[in-house]
Amino acid sequence: MSVRVRFAPSPTGFLHVGGLRTALYNYLFARHHNGTFVLRIEDTDRTRLVENAVENLIKSLHWAGIDYDEGPGRGGEYGPYIQSERLYIYTEYAVQLHQRGAAYYAFDTPEEIDEMRKRNPAESFTKYDRMLMKNELTLSNVEVMKLIEAGKTFVLRLKVPDSTTIVFDDLIRGKVEVTANEIDDQVLMKSDGFPTYHFANVVDDHLMKITHVIRGEEWLPSTPKHVILYDAFGWDKPLFAHLPLLLNPDKTKLSKRQGSAAVEDFASEGYFSDAFVNFIALLGWNPSADREIYSIDELIESFDIEKVNKGGAVFDRAKLEWINFQYLKQKPVSELTDILAPILEAKDISGFNTEYIEKVIDLFRERIKLVKDIPEIAGYMFVPPQEYEPDYMEKYWKANTIEILKPLLVQYKATDDFSHSALYELTKSYIEGLGMKLKEIIHPIRLMLTGKSAGAGMFETMEVLGKDECIKRIEEFIQKKELEGI
RNA sequence: GGCCCCAUAGACUAAUGGUUAGGUCAUCAGCCUUUCACGCUGACAGUAGCGGUUCGAAUCCGCUUGGGGUCACCA
């Protein structure tokens, strides 16, 4: 039987990083087994619907390079893939489940249920008390009919079997056991006619022939309810695999409160999607541990759901940045230019051709974390420095600096070869001829050209900046200094 | 609190009964040097605790401790 897995997010906002990891593992599993990866939208909570959430979800998945075989916008023979379009299906199966005696109708109002829960505040577990509430088990058939005819709303509840033990196998955790007494009579169909997650997810996974349910660990406690449903319908169960959670630095479930948890934020911050996926993949699983950088094909090739860790993994930004940097070093410069160009444009920096931008990128790619850092760290490559670091000035600008510089400037003007190696030779022989060290002149030059103490190699920077620009900046700086001197 | 899950250094992980417990990030130090980075070299640092099984335990079992998840007409 061929493998079929699904990613089933609810469209309540943006794709969560944890959601992306779940999607990724499903994707890796499907591709590894030449199976099918389904995207299903679980939008059965009408109170939490968010505009454009589905589009955002798909956009983020697309950014990450995770493509699905069946789902919204793509079709497939088990559609529709949006649960709100499948209501007639759930209704049908709800009736069937009721006929099998595995579920019952209940007429309690939310207030009555609240009251029931408050009745035993000391109780550690406030299960729906099926024998004390208003439902089919406590009312006569006549009373039930009356309530329905009176237009009273009702829900369908799962009739959890008494005193049995629910057992299921988890691919990652092994055998999990829960006694049925601990399980609540879960609402399956809400009074608005929509199914709850628990019901819709079981019906859909069955109808969509899902073979492996790979989802976050937060679903582990409700899995016994799902198992009861499969058994009540007499359906084969899929295999379950509950992934460890992604954690905040304080070990709680990864949330937006502690830094970013939305995939699109990382995209807009400028992380590379392949680097991000690489990083996420290694949170909870590692193909071998002898290296950190893996292509998506390598991840697919070696993915093994049974080797996924059980414990939660802290999302560590420092490691993300390091991995992103490894990709940054390797990327073709054209790809980086495509990223930088619009950023420059947004900052009203224009008039630079691609060739120049590429040179700037190569000069700085090992000095930045993200491409978007370039305008900040290397703004002087595009606009002459507006200010000069006082400390740096203090340290390297001496009373005689201008006198030393002037003859050198003449030589710079005279040379036709403004390559970094030629500049190096020229400068070095000049300064050593004065009995000085190279660094004694490099710092003043850096100051005049960039205003900053930190930057790329000086002569490399000069080469990229170009002869005209360098001379212009030096002359203007000297002029200004001399004016100040008067 | 009940139930469930989990536990290798600050973080991510490897080692599925036999290794001086390996790698990576972070941190620290040194080297390189033209500043900042990169790079290179090295260092620090771990099997939560206690019992048991075994010739032998990070690995299997139990207890304790710690952490997390979950207990809705949310997913």
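In the text below, chain A, chain B and the rest are named by the order of the sequence lines, each starting its count at 1. All heavy atoms count here, side chains included; hydrogens, waters and symmetry mates do not.
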Complement of [N], any strand, by Watson-Crick or G-U distances under 3.5 angstrom:
{"N": "C71(B)", "value": "G1(B)"}
{"N": "C31(B)", "value": "G39(B)"}
{"N": "A11(B)", "value": "U24(B)"}
{"N": "A57(B)", "value": "none"}
{"N": "A48(B)", "value": "U64(B)"}

Just checking [X]: base, sugar-phosphate only, or nothing, at a heavy-atom cut-off of under 4.0 Å?
{"X": "E321(A)", "answer": "nothing"}
{"X": "S191(A)", "answer": "base"}
{"X": "G216(A)", "answer": "nothing"}

(message) Taking T138(A)'s backbone N and O only, do any of them form a donor-acceptor pair with N135(A)'s side chain (distance below 3.5 Å, no angle check)?
(response) yes

Below 4.0 angstrom from OP1 or OP2 of [N], is there any side-chain N or O of [X]?
{"X": "K251(A)", "N": "A11(B)", "answer": "yes"}
{"X": "R157(A)", "N": "C73(B)", "answer": "yes"}
{"X": "R117(A)", "N": "A72(B)", "answer": "yes"}
{"X": "K319(A)", "N": "U13(B)", "answer": "no"}
{"X": "T44(A)", "N": "C74(B)", "answer": "no"}
{"X": "N309(A)", "N": "A14(B)", "answer": "yes"}
{"X": "K369(A)", "N": "C38(B)", "answer": "no"}
{"X": "K190(A)", "N": "A75(B)", "answer": "yes"}

(message) So if I take every side-chain heavy atom of E218(A) and compare against U35(B), U70(B), A11(B), which nucleotide ends up nearest?
(response)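 In terms of side-chain proximity for E218(A), the closest of U35(B), U70(B), A11(B) is U70(B).
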
(message) Measuring from the side chain of E460(A) (C-beta onward, heavy atoms only), which nucleotide among U34(B), A37(B), U70(B) has the closest atom?
(response) U34(B)

Are [X] and [Y] within salt-bridge range, i.e. N to O under 4.0 Å?
{"X": "E298(A)", "Y": "R291(A)", "answer": "yes"}
{"X": "R317(A)", "Y": "E269(A)", "answer": "yes"}
{"X": "E440(A)", "Y": "K398(A)", "answer": "no"}

Which whole number of Å gives the distance between the [atom1] atom of [N] and that of [M]?
{"N": "C44(B)", "M": "U24(B)", "atom1": "C1'", "value": "16 Å"}
{"N": "A11(B)", "M": "G67(B)", "atom1": "P", "value": "14 Å"}
{"N": "G52(B)", "M": "A9(B)", "atom1": "P", "value": "24 Å"}
{"N": "U8(B)", "M": "U19(B)", "atom1": "C1'", "value": "15 Å"}

(request) Could you tell me whether the side chain of R291(A) has a donor or acceptor atom within less than 3.5 Å of a complementary atom in the base of U24(B)? (result)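 There is none.
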
(message) Between C5(B) and R173(A), counting only base atoms on the nucleotide and side-chain atoms on the residue, is there a donor-acceptor pair under 3.5 Å?
(response) no

(request) Find the distance E182(A):CD to C4(B):P and express it as a whole number of Å. (result)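 One finds 7 Å between P of C4(B) and CD of E182(A), rounded.
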
(message) Measure CZ/R367(A) against C1'/A37(B) and give the value in whole Å, please.
(response) 5 Å

(message) Side chains of T415(A) and D417(A): any donor to acceptor distance under 3.5 Å?
(response) no

